[in-house]
Amino acid sequence: MSSNAPAPGAETDGRVRHFIRQIIDQHLKDGSWDHVATRFPPEPNGYLHLGHAKSICLNFGLGQEYHGSCNLRFDDTNPVKEDVEYVESIKEDVRWLGFDWGQRQFFASDYFEQIHGYAVQLIEMGKAYVDSQTAEQIRETRGTLTSPGSHSPYRERSVEENLDLFRRMRAGEFKDGEHVLRAKIDMAHPNVVLRDPALFRIRHATHHRTGDAWCIYPMYDFAHCLSDAIEGITHSICTLEFENNRALYDWVLDTLGLTPRPRQYEFARLNLTGTVLSKRKLIQLVQQGHVSGWDDPRMPTLCGIRRRGYTPEALRDFCERIGVAKADSTVDFALLEHCLREDLNRRAPRVLGVVNPLKVVIENYPEGQVEEFEMPYSPEDESAGTRTVPFSRELWIEREDFMEDPPKKFFRLGPGREVRLRFAYYVTCTEVIKDESGEVVELRCTYDPATKGGWSQDGRKIKGTMHWVSIAHALPAQVRLYDKLFVKDNPMEVEDGQDFTANLNPESLKSVQGYVEPSLATAEPGFICQFERLGYFCVDSKDSAPGKPVFNRTVTLRDTWAQVQRNMNK
RNA sequence: UGGGGUGUGGCCAAGUUGGUAAGGCAACGGGUUUUGGAUCCGUGUACCGGUGGUUCAAGUCCUCCCACCCCAGCCA
């Protein structure tokens with residue numbers, strides 16, 4: 001068996017054996033481990049975004065594939081930044097993505113006592129000391145990337161003194177910043193992380209879970225590896241920026257002699273074209289009011305895209321397709337949209353809705369007459385059922401479906417042209433009515449009664465099929481046409497003196513009043529459908545009211561006509 | 001300038017005892033179609049960052065070089 005064969009029993013058939021799966025397979029094969037235990041360790045200080053989705057799918061996915069486990073662990077070691085609000089949203093998002101941690105929900109703060117104990121142990125081993133320099137002094141004596149640091153004058157304190165000081169730190173005898181517990185490693189180490197890193201700092205702050213029980217809190221590097229060890233994690237997977245920290249991760253566990261012990265592996269975080277995925281920048285978008293909030297449908301947060309209408313299935317598929325590797329990369333947003341459309345195409349019922357209405361009067365259609373057409377919810381799945389849509393003399397059609405002087409490749413309506421109204425009739429445009437400014441305000445058409453249902457006996461070929469809504473029966477609805485939030489693939493690409501907000505797309509949200517078929521009156525918040533020929537839309541979960549749905553455009557349909565137009569302009 | 005990483009078609013990404021470059025997205029062309037949707041078929045001379053070398057044979061081994069990313073929080 002070659003090393004890249006999946007481990008026996010692993011449910012990974014057909015999937016790419018990325019380097020982490022290969023490492024696990026190897027460990028299972030050579031006996032390093034007989035099971036897999038991973039964890040997803042968010043800090044509860046912000047909302048989850050698409051980058052986290054990659055990590056969640058990786059960690060929880062591995063747990064499932066190898067019939068192992070994946071813990072949800074909140075890395076809550078910094079009380080001043082964290083809040084319960086975030087732990088709730090994180091849980092909701094992970095659950096929504098489709099993962100279940102069962103009873104395996106933990107907090108680094110659950111281990112404060114143990115972690116403290118390990119710190120004491122290090123002090124007793126002479127491997128840690130209380131430094132009483134100021135933060136500035138510590139920074140100054142850390143050296144630079146190319147020059148070594150220097151020893152703290154407190155570095156050689158006795159074990160007894162260190163123990164006493166550390167005890168008093170915990171007891172609350174000192175103010176923030178007065179002392180800090182440091183590992184005694186090597187102030188000249190080429191890896192700066194190992195230059196006597198801080199292990200515990202004083203923070204007189206109320207922790208969202210432990211309250212005021214503690215006034216000293218462990219640093220990430222100290223708490224994380226120990227939490228992994230305590231939980232029996234086998235493979236601790238994180239992103240590339242922690243590669244340097246692995247040396248400290250190993251130092252702590254090795255020095256303490258914890259065994260069997262987890263190992264850390266790093267993969268490249270997700271970058272996407274046309275979006276930003278850093279907490280800092282997302283906060284900026286929210287705080288400066290560029291978006292309506294964390295769950296604005298344009299945000300790459302999980303709550304944002306959920307509200308936009310993205311599905312967990314599409315996300316999971318996407319995360320599998322992008323792969324897991326160590327090279328910095330930027331995935332084309334089009335791949336995410338492809339995964340989304342593939343999923344939505346399968347599940348979204350088709351309905352008719354007009355987003356930019358143009359009035360059409362069918363002159364030879366009897367006034368007052370109404371026909372009910374039965375239309376399928378799905379073009380290829382009969383079990384999706386049908387609904388009935390009213391047709392009458394006056395209709396709304398899409399403004400872009402009419403051109404007064406259309407080019408030959410335009411298959412839609414124009415003066416004298418005949419098109420099909422989906423599942424209804426063939427109509428021919430006989431007259432164009434304009435207002436004083438010359439804008440087209442109404443079309444006069446005639447219909448062919450012999451084409452009922454949208455089909456003709458004579459085999460006449462009709463190239464264009466258009467969607468429509470009967471004016472008298474239409475349900476007015478607010479429709480939000482979302483577009484990309486940034487105009488550049490790389491939002492960070494700016495002129496001197498500007499920041500990424502300079503690349504915000506002023507047209508990322510166009511809110512219009514549209515008309516949809518009456519069957520949508522009862523659509524529930526979160527309901528996802530396809531407005532035929534336009535795209536996928538979902539009923540907004542926040543702003544819709546009973547009988548007054550607000551639709552968010554999740555994603556447009558693939559638009560080959562737009563491509564034809566683009567190519568014509570070249 | 002120290003240390004740690006990474007470089008395979010436009011974008012991701014396989015490639016693992018060296019044997020002569022998967023797949024997906026995008027793009028382009030065509031069939032089919034009551035969504036210019038969906039679907040089906042087809043299209044790429046990838047100097048495998050560069051260089052020199054080992055070898056019958058190198059993306060895979062060795063040399064040197066280049067580019068990019070990360071690290072000097074009592075953040076994670």
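Below, read A as the first sequence line, B as the second, and so on, with proteins coming before strands; counting in each chain starts at 1.
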>> salt bridge (charged side-chain N to carboxylate O under 4.0 Å, His left out), that's the test. Do A/Asp110 and A/Arg73 meet it? Break it down for me.
In response: CA-CA 10 Å; A/Asp110 293 339; A/Arg73 180 170 75 231; over 6 Å; no

>> Quick one, A/Tyr536 with A/Gln530, criterion side chain to side chain contact (heavy atoms under 4.5 Å, CB included). Give me CA distance, side-chain angles, the key distance, then yes/no.
In response: CA-CA 4 Å; A/Tyr536 296 95; A/Gln530 182 196 102; 3.2 Å; yes

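B/A38 atom P lies 10 Å from atom CG of A/Asp559, rounded to whole Å. Residue A/Ile20 contributes atom CD1, which lies 13 Å from atom P of B/A13 at whole-angstrom precision. Rounded to a whole Å, the CG atom of A/Asp328 is 13 Å from the C1' atom of B/A67. Note: CZ (A/Phe19) to C1' (B/U6) measures 12 Å, nearest angstrom. If you take CZ of A/Phe531 and C1' of B/G37, they are 15 Å apart, rounded to a whole angstrom.
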Expected rows: protein N/O vs nucleotides 39-43 of chain B N/O, under 3.5 Å:
none

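With C1' as the reference atom, B/G9 and B/A22 are 13 Å apart, rounded to whole Å. B/G59 and B/G19 have their C1' atoms separated by 13 Å, with the value rounded to a whole Å. Here the separation of B/A27 from B/G18, taken at their P atoms, is 40 Å to the nearest Å. Across the P atoms, B/G5 and B/A57 are found 32 Å apart, a figure rounded to whole Å. Rounded to the nearest Å, the gap between the C1' atom of B/G37 and that of B/G50 is 46 Å. Going from the P atom of B/C12 to that of B/G49 covers 14 Å, rounded to whole Å. Spacing of P atoms, B/G2 relative to B/G10, comes out at 33 Å, to the nearest Å. A gap of 29 Å separates the C1' atoms of B/U17 and B/G24, to the nearest Å.
With a 3.5 Å ceiling on both atom-pair distances, the Watson-Crick or G-U wobble partner of B/C68 is B/G5. Under the Watson-Crick or G-U wobble criterion, with both distances below 3.5 Å, B/U51 has no partner in any strand shown. The nucleotide B/U32 finds no pairing partner, because no Watson-Crick or G-U wobble arrangement with both distances shorter than 3.5 Å includes it. In this structure, B/A57 forms no base pair with any nucleotide, since neither Watson-Crick nor G-U wobble geometry is met with both distances under 3.5 Å. Pair assignment for B/U43 gives B/A27, based on Watson-Crick or G-U wobble hydrogen-bonding distances that are each under 3.5 Å.
Backbone-only engagement by A/Arg321 is indicated by non-hydrogen atom pairs under 4.0 Å involving sugar-phosphate atoms exclusively. Residue-level contact check: A/Gln530 touches the bases, meaning some heavy atom is under 4.0 Å from a base atom. When heavy atoms are screened at a 4.0 angstrom cut-off, A/Thr330 is found touching the sugar-phosphate backbone but no base atom. Within the nucleic acid shown, A/Val324 comes within 4.0 Å of sugar-phosphate atoms alone, with no base atom in reach, counting heavy atoms only. Looking at heavy-atom distances under 4.0 Å, A/Phe410 makes contact with a base.
Under the 6.0 Å cut-off for aromatic ring centres, A/Phe486 and A/Phe333 do not qualify, their centroids lying 6.0 Å or more apart. Ring to ring, A/Phe373 and A/Tyr425 are close: their centroids are under 6.0 angstrom apart. A distance below 6.0 Å separates the ring centres of A/Phe391 and A/Trp468.
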> In the 5'-to-3' direction, what one-character label does each nucleotide of nucleotides 71-76 of chain B receive under the scheme B = base within less than 4.0 Å of a protein heavy atom, S = sugar-phosphate only, - = no such atom?
Replying inline: BBSBBB

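The nearest heavy atom of RNA chain B to A/Val564 and to A/Gly323 marks one nucleotide each, and the one closer to the 5' end goes with A/Gly323.
The aromatic rings of A/Phe166 and A/His116 sit parallel, their planes meeting at an angle under 30°, below the 60° perpendicular limit. The aromatic rings of A/Tyr217 and A/His207 sit parallel to each other, their planes meeting at less than 30°, with 60° as the upper class boundary.
Between A/Glu266 and A/Arg246 there is a salt bridge, with a side-chain nitrogen of the basic residue lying less than 4.0 Å from a carboxylate oxygen of the acidic one. A salt bridge does not link A/Glu313 to A/Arg346: none of the charged side-chain nitrogens sits closer than 4.0 Å to a carboxylate oxygen.
Each of A/Leu413, A/Val419, A/Val469, A/Val427 was checked for a side chain to side chain contact (heavy atoms under 4.5 Å, CB included) with A/Ile397, and the lone residue meeting it is A/Leu413.
Of the candidates B/C25, B/U6, B/A14, the closest approach to any side-chain atom of A/Lys326 belongs to B/U6. The side chain of A/Gln563 approaches B/C28 more closely than any other nucleotide in the set B/U35, B/C28, B/A13. Of the listed nucleotides (B/G2, B/C25, B/C12), B/C25 has the atom at the smallest distance from the side chain of A/His338.
Annotated as anti: B/G9, whose glycosidic dihedral deviates from 0 by more than 90°.
Contact record, A/Ala108 with A/Ile115: O-CD1, 4.2 Å, taken as the closest heavy-atom pair.
With a 6.0 Å cutoff to the six-membered ring centre and a 45° limit on the axis angle, A/Arg209 counts as a cation-pi contact of A/Phe107.
For the pair A/Ser329 and B/A13, the criterion of a side-chain N or O lying under 4.0 Å from OP1 or OP2 is met.
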